Amino acid sequence: MSLRVYNTLSGQKELFEPRVPGKVGMYVCGVTVYDYCHIGHARANIVFDIVYRYLKYSNYDVTYVRNYTDVDDKIINRANERGITSQQLSEEFIQAFDEDMGRLGLDLPTVQPKATEHIDHIIALVERLIANGKAYASEGDVYFAVESFDDYLKLSKRNLDEMQAGARIAPGEKKRNPMDFALWKAAKPGEPFWESPWGKGRPGWHIECSAMGMEYLGESFDIHGGGKDLVFPHHENEIAQSEAATGQPFVKYWLHNGFVNVNQEKMSKSLGNFFTIRDILKTYDPEVVRFFILSAHYRSPIDFSDQNLKEARLGLSRFYEGLQAAAEVLAECPPSDVEATDGTELAAKFREAMDDDFNTAQAIGYLFEGIRTMNRLMATKKFRKKADLVASVRALYETFLDLGKVLGMFGSEPKAWLDQQRMAALADLDITAEQIEALIADRLQARQDKDFARSDAIRDELAEKGILLLDGAGGTDWKIK
RNA sequence: GGCCCCGUCGCCAAGUGGUAAGGCAGAGGCCUGCAAAGCCUUUAUCCCCAGUUCGAAUCUGGGCGGGGCCUCCA
């Protein structure tokens, strides 16, 4: 079995064969740091976190580069509005980004370079393009000449003539062709700048990713990822400038994640329909957000709504409840020599799903089946005395924790996680944990006295307040409805 | 206007030629003092029409509906 990935360049799923066997070089476009990240950013980063984790799980030696774009018009404007420097602003939002991603439980990339720390590489790359006749300087700017690159638009599958006919491009007088894009921009007064052969200026948006990608991964590397909205112009331009400079294919596999929608519409800042990660995390556990995102295939659109988040929370709770039950049982049943294949079978299905273009939705479907199997085993009569069944549960339990690491889930201690969810939800209810415990004690007494009318009255009273009682072998527990 | 994607059970969502995963919700049952949780059983022929094929949710054409890119955007 082997990994197949959907390559935007070919428009098909392809067998994944890294350029150097066993090693993968992967670059993902990070964010422009001028504001807080929204759930769309969360999706992109979680998706590629999964790609990263799964490649590592598949025994690849992965170098993962994710950049910070810390010089850009929007940063400059926002900094001016606030009366601080671009650097101060970008530092602030780099920190915010790191915090958000940390809370979402993302693995740290191998390298997280900043554009402003690679100006020399950028300038060198631009010079190389000028030397090749692929770019030209014009009044302090430098532009890439799109007509000089035959493969231009091969990623987005557009047509140069038709795009120009579309006429939404402001014809810059400094450009030879309106489609030419800036590699280097002359600094206007008050803007941050670096010295260059073309005067004081700063890099264009696209060139930084080419420069940093090549710096850390070589002139040709395996995977380049980002949101679908980056296909054109960003990634298209990266290909043009990179391949025109080196004469080699820049990237082997281009991966793009779908959008997060709100009411079927793309979430974006201009529509004002975005939700920041930090706002969402006030209500929902990070793992719930992750589960929500992974419950759909990464290329499909996903609709953000309170209802969908709640469903995700319910789904994840089902896992943790099963895991908690298993953990309790296993703690009391010593490991035996009995072998069980349940775990390896589940892992094989999981891999089959993930090998098919990182189909996390399918993989989670298999995990749900695994949970049901585990629950079924534990519900068997005299379960604890049956070594083969206990061995199966143990195998499944361990497999869950193992596979959970690939998805960034199930990492919490089940009891603690469920408790935390419960306490968070309790804050919205008109009752405290102590009051609940006291009522449970009263009810226990009533039950012992066979006063079931009183017992049921207490249960109804709690139910009215949103509390559900669970009578188990070890006593009565409760959860939020 | 150009290019592209999507339309699967009440809801969410897999499935790209071989007879529809999974979750939530619903129904029946087991368990329970009664419940809850859990377990078992059960619920779709895939927007419409026409074609290709022994066979299509999956391919082709047309239609209807929704969305994206073409300007910064994950």
Side-chain angles (χ1 to χ4, degrees), chain A residues 11-13 28-32 34-35 37-48 72-74 153 156-159 161-170 179 205 225-234 236 256-261 264-271 274 291-292 295-297 299-303 305 307-308 310-316 318-319 321-322 325 349 353 356 359-381 447 450-453 455-456 459-460 463 467-472 476-479 481:
Chain A
Q12 294 178 329
K13 281 184 198 168
V28 172
C29 289
V31 288
T32 301
Y34 72 104
D35 205 344
C37 287
H38 57 61
I39 182 78
H41 298 109
R43 184 181 194 189
N45 284 286
I46 287 172
V47 160
F48 290 104
D72 160 271
D73 287 344
K74 289 191 292 289
L153 303 179
S156 55
K157 297 166 182 60
R158 292 158 200 266
N159 174 295
D161 295 330
E162 282 167 1
M163 290 209 56
Q164 289 176 47
R168 275 178 79 179
I169 304 136
M179 290 293 291
W205 175 34
K228 262 190 165 70
D229 45 1
L230 296 181
V231 173
F232 185 88
H234 187 50
E236 194 70 70
H256 294 97
N257 67 276
F259 299 131
V260 175
N261 292 161
Q264 330 288 356
E265 267 185 332
K266 177 186 172 183
M267 181 182 294
S268 74
K269 302 213 167 162
S270 49
L271 288 169
F274 63 92
F291 186 87
F292 161 67
S295 63
H297 184 90
R299 281 187 284 118
S300 305
I302 188 168
D303 213 56
S305 69
Q307 196 201 324
N308 289 346
K310 280 185 173 145
E311 259 196 35
R313 180 163 61 196
L314 214 53
L316 188 57
R318 181 167 159 82
F319 280 106
E321 281 165 11
K349 282 186 171 179
D356 184 14
N359 195 336
T360 53
Q362 174 88 266
I364 288 173
Y366 288 139
L367 292 180
F368 269 117
E369 289 178 353
I371 274 288
R372 194 171 63 222
T373 303
M374 203 165 73
N375 283 334
R376 181 171 45 224
L377 291 168
M378 290 189 288
T380 308
K381 281 205 169 78
R447 292 182 73 201
K450 302 275 188 220
D451 183 358
F452 294 120
S455 164
D456 290 353
R459 188 173 63 205
D460 292 347
I467 306 299
L468 228 78
L469 295 184
L470 298 87
D471 291 333
T476 300
D477 201 3
W478 58 275
K479 67 188 277 191
K481 248 191 214 171

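Naming convention: chains lettered A, B, ... in sequence-line order (proteins, then strands); numbering from 1 in each chain. Since the structure is predicted, the reported quantities are computational estimates derived from the model, not experimental observations.
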Please give the distance between the P atoms of B:U16 and B:G66 as a whole number of Å. 27 Å
Assign A:Phe452 to base, sugar-phosphate, or nothing according to its heavy-atom contacts below 4.0 angstrom with the strands shown. base
Let's see if you can work this out: which of B:A25, B:A74, B:G33 has an atom nearest to the side-chain heavy atoms of A:Ser455? B:G33
Any base atoms under 4.0 Å from A:Phe259, or only sugar-phosphate, or nothing? Heavy atoms, all strands. base
Sidechain N-carboxylate O distance under 4.0 Å for A:Arg158, A:Glu236: no
Measuring only between side-chain heavy atoms, which start at C-beta, is A:Met267 closer than 4.5 Å to A:His41? no
Can a donor-acceptor pair under 3.5 Å be found between the side-chain atoms of A:Asn359 and the base atoms of B:G15? no
A:Glu321 side chain: which of B:C72, B:A74, B:A37 is closest? B:A37
Do A:Thr373 side-chain atoms and A:Glu369 backbone N/O form a donor-acceptor pair below 3.5 Å? yes
Looking only at side-chain atoms of A:Leu470, point me to the closest of B:C69, B:A37, B:G23. B:A37
Does a nitrogen or oxygen in the side chain of A:Ser300 sit under 4.0 Å from OP1 or OP2 of B:A14? yes
Between B:C11 and B:C47 - P atom distance, rounded Å: 13 Å
Under 4.0 Å between a side-chain N/O of A:Asn261 and OP1 or OP2 of B:G67, yes or no? no
Is a salt bridge present between A:Lys13 and A:Asp356, judged by a nitrogen-to-oxygen distance below 4.0 Å? yes
With heavy atoms under 4.0 Å as the rule, sort A:Gly472 into base, sugar-phosphate or nothing. nothing
What's the gap between B:C70 and B:A37 when it is taken at their P atoms, as a whole Å value? 48 Å
Compare side-chain N and O positions of A:Asn375 against OP1 and OP2 of B:C39 and report whether any pair is under 4.0 Å apart. yes
Closest approach to the side chain of A:Leu468, judged atom by atom: which nucleotide of B:G67, B:A36, B:G23 is it? B:A36
Would one find a side-chain N or O of A:Lys266 under 4.0 angstrom from OP1 or OP2 of B:C69? yes
For atom P, what is the distance between B:A50 and B:A56, given to the nearest Å? 14 Å
Taking B:A74, B:C40, B:C69 as options, the one with an atom nearest any side-chain atom of A:Arg376 is B:C40
Measuring only the P atom in each nucleotide, how far is B:C59 from B:C46? A whole number of Å is fine. 15 Å
Exam field: side chain A:Asn261 to backbone A:Asp303, donor-acceptor pair closer than 3.5 Å: no
Just checking A:Asp456: base, sugar-phosphate only, or nothing, at a heavy-atom cut-off of under 4.0 Å? base
Pairing check on B:C39: which nucleotide meets the Watson-Crick or G-U wobble criteria with it, both distances under 3.5 Å? B:G29
Between the side-chain atoms of A:Arg372 and the base atoms of B:G38, is any donor-acceptor pair under 3.5 Å? no
Select base, sugar-phosphate, or nothing to describe what A:Val260 touches, counting heavy atoms under 4.0 Å on all strands. base
Note: for A:Ala379 and A:Thr32 on RNA chain B, the residue whose nearest nucleotide lies more 5' is A:Ala379
For the side chain of A:Arg318, starting at C-beta, report the closest nucleotide among B:A74, B:C39, B:G67. B:C39
Regarding the side chain of A:Lys479, the nearest nucleotide among B:A37, B:C24, B:G68 is B:A37
If only atom types and distance count, is the side chain of A:Lys481 paired as donor or acceptor with the main-chain N or O of A:Ala463 below 3.5 Å? yes
Nucleotide opposite B:G65 in a Watson-Crick or G-U pair, distances under 3.5 Å: B:C6
Taking the C1' atom of each, how far is B:G1 from B:G61, in whole Å? 23 Å
Looking across every strand, which nucleic acid part, if any, lies under 4.0 Å from A:Gly40 by heavy atom: base, sugar-phosphate, or nothing? base
Report the relative orientation of the aromatic rings in A:His38 and A:Phe274; use parallel for angles under 30°, tilted for 30 to 60°, perpendicular for over 60°. tilted
Compare the minimum distances between each of B:A36, B:C69, B:A14 and the side chain of A:His297, then state the nucleotide with the smallest one. B:A14
Touch class at under 4.0 angstrom, heavy-atom based, for A:Glu311 against every strand present: base
Complementary nucleotide of B:G51, counting Watson-Crick and G-U pairs under 3.5 Å: B:C59
Out of B:G22, B:C72, B:C34, whichever nucleotide has its closest atom nearest the side chain of A:Pro233: B:C72
Would you measure the distance from the P atom in B:C48 across to the matching atom in B:C9 and give it in whole Å? 11 Å
Starting from the 5' end of RNA chain B, give me the residue, A:Ala296 or A:Gln264, whose nearest nucleotide shows up first. A:Ala296
Select base, sugar-phosphate, or nothing to describe what A:Met378 touches, counting heavy atoms under 4.0 Å on all strands. nothing
Between B:G18 and B:C30, how many Å separate the two P atoms, rounded to a whole number? 41 Å
Checking contacts here: which listed nucleotide (B:A74, B:G66, B:G15) is nearest the side-chain heavy atoms of A:Leu230? B:A74
